[in-house]
Chemist: 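Sharing a structure with you now.
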Amino acid sequence: MNDNLLQPASSALTTFSSEGIDQEILRKLQGFIDDREAYSENTWRQLISAFRAWGRWCWQHDYPYLPIQPEPLREYVLFMKQRLAVSSVRQHLAMLGMLQRQGGLLPAGQHPIVTRVVKKISRMAVENGERIGQAIPFHVTDLKAVAAIWAGSEQLTEARNLAYLSIAYNTLLRMSEISRLKVGDINFSSNGHTTIYIGRTKTIISGDGLVKALSNFTTTHLRHWLIQSGLLNQPDAYIFCRVNKSNRVISSNEKTLSAVTLESIFKSGWLRLKVRFLPIARVGATPPGPVTVQG
């Protein structure tokens with residue numbers, strides 16, 4: 001094993017040493033690389049990241065990185081749990097399993113000693129208070145509470161975040177799907193109805209796309225963001241873009257917001273609710289109204 005694993009992600013799997021790997025496996029993986037457009041950029045980035053991390057660990061412990069064997073993979077799971085949440089460990093295993101299947105191999109993650117150790121770390125995580133499973137849902141009552149704080153804000157970050165949360169709730173699209181929406185995809189009709197065209201989703205890849213109607217609530221906050229940001233007359237710009245510390249928009253026709261930024265929008269919403277609303281003191285207590293913050 002050499003340190004080719006540290007090459008930039010753009011060079012994909014082709015940078016990895018092929019020494020000692022069966023030629024048939026290499027042939028199948030090369031076909032996989034050639035057809036990489038079958039997968040989203042996000043999936044490909046996750047695959048490269050997981051495989052590079054696995055390759056570095058194998059190199060450090062003098063294990064072959066392909067084909068993946070159950071015993072080293074079990075050790076790797078325990079190693080990852082020292083640094084990552086259980087959900088991230090499972091994501092790494094899923095990506096490694098995908099790579100093995102594409103190489104015509106049986107995923108080592110299905111071996112009993114691996115599934116057993118995943119159960120073990122999951123149980124230990126729960127006992128230690130780690131949250132396992134999906135994120136806390138953001139309900140319509142939460143959205144309306146945030147809107148009561150952010151509506152009409154002159155802070156572009158707050159205007160953007162409220163528009164984003166409104167579209168997310170209205171359309172139920174994934175983060176990556178919302179990030180790809182452009183201003184030209186919106187149709188503000190003269191009769192007061194607003195629709196948005198979604199060209200591609202994880203389940204719709206035919207190119208036909210679909211059209212979704214936006215509620216008056218969503219339309220109000222989306223229009224406010226587009227007007228305040230100056231994006232309303234930029235049809236090729238992504239709807240959601242960066243805002244710098246000087247409260248200025250950094251629009252883009254080519255680069256979408258990062259997953260980290262999109263996740264931070266939900267976090268900022270929860271943070272605002274936590275700051276502005278008193279917690280329920282006991283089970284069955286009536287939630288208090290908004291607290292007036294002085295200053």
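Please read all numbers here as calculations on a predicted model, not as lab measurements.
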Chemist: So, using side-chain contact (heavy atoms from CB on, under 4.5 Å) as the criterion, who are the partners of D62 when residues are at least two apart?
Modeler: none
Chemist: What residues, two or more places apart in sequence or in another chain, satisfy ring pair (Phe, Tyr, Trp, His ring centres under 6.0 Å) together with H193?
Modeler: none
Chemist: Tell me every residue that passes side-chain contact (heavy atoms from CB on, under 4.5 Å) with R248, counting only those two or more places apart in sequence or in another chain.
Modeler: N244, S246
Chemist: If you define the side chain from C-beta out and look only at heavy atoms, does anything of I68 sit under 4.5 Å from L105?
Modeler: no
Chemist: Sequence neighbours left out, what passes side-chain hydrogen bond (donor to acceptor under 3.5 Å, both in side chains) with S176? Give chain and number order.
Modeler: none
Chemist: side-chain hydrogen bond (donor to acceptor under 3.5 Å, both in side chains): which pairs involve residues 92-109, sequence neighbours left out?
Modeler: Y39-Q102
Chemist: Can you name the side-chain hydrogen bond (donor to acceptor under 3.5 Å, both in side chains) partners of S88, sequence neighbours left out?
Modeler: none
Chemist: For residues 156-164, tabulate all N or O donor-acceptor pairs below 3.5 Å that involve a side-chain atom, not counting sequence neighbours.
Modeler:
from	atom 1	to	atom 2	distance (Å)
E158	OE1	S153	OG	2.7
E158	OE2	W150	NE1	3.4
R160	NH1	C241	O	3.0
N161	ND2	T157	O	3.4
N161	ND2	S268	OG	3.2

Chemist: Mind checking what makes side-chain hydrogen bond (donor to acceptor under 3.5 Å, both in side chains) contact with S252, not counting sequence neighbours?
Modeler: none
Chemist: For T115, check side-chain hydrogen bond (donor to acceptor under 3.5 Å, both in side chains) against everything at least two apart and list the hits.
Modeler: none
Chemist: Would you please name every residue forming a side-chain contact (heavy atoms from CB on, under 4.5 Å) with S49, sequence neighbours left out?
Modeler: none
Chemist: Sequence neighbours left out, what passes side-chain contact (heavy atoms from CB on, under 4.5 Å) with V260? Give chain and number order.
Modeler: S258
Chemist: Partners of E263 by salt bridge (charged side-chain N to carboxylate O under 4.0 Å, His left out), sequence neighbours excluded?
Modeler: none
